[in-house]
Amino acid sequence: MVFYVGLNERALTEKRTKATTTTARKAAPRKTAAKKAVKAVELTWANAGSKAGDVYQALAAAQGPLTVAEIAKNENISEDEVLVGIGWLFKEGKIKDEDGKVTLA
């Protein structure tokens, strides 16, 4: 026997009906994430230099700090290619970090 303290008769009836009318739910179909196409980045000195030029031009045109995603979008290259170019430019001292964004030094 179950005792409900502080419930009126209507609430008690609702609790009983809910307990007796529960139905088995079907499992929802699993959603799978779409797989992204993986693009290999060619790591040669010529390609790295080319990507460094792309990054430098994007930063010069923006005249302010940009994120990696913004540079990739502006130059129509992948974020990995932007990172290759950033590495080259950091090594040469051409760019610096400013609040998590990249800007010309």
Indicate every side-chain donor-acceptor pair of residues 56-64 with a distance under 3.5 Å to a residue at least two apart or in another chain.
none

Would you give me the side-chain donor-acceptor pairs under 3.5 Å for residues 92-99, sequence neighbours excluded?
from: Glu92; atom 1: OE2; to: Trp88; atom 2: NE1; distance (Å): 2.9
from: Asp97; atom 1: OD1; to: Gly100; atom 2: N; distance (Å): 3.4

Set of residues satisfying side chain to side chain contact (heavy atoms under 4.5 Å, CB included) with respect to Lys101, sequence neighbours excluded: Pro65, Thr67

For the residue pair Asn74 and Leu66, establish whether any side-chain heavy-atom pair is separated by less than 4.5 Å. yes

Value rounded to 0.5 Å, distance of CG in Asp80 from NZ in Lys51: 11.5 Å

Start with the C-alpha distance between Ile86 and Val102, add both sets of side-chain angles, then the distance that settles side chain to side chain contact (heavy atoms under 4.5 Å, CB included), and finish with yes or no. CA-CA 8 Å; Ile86 286 174; Val102 182; 3.8 Å; yes

In Å, rounded to the nearest 0.5 Å, how long is the span from CG of Leu89 to CG of Asp54? 10.0 Å

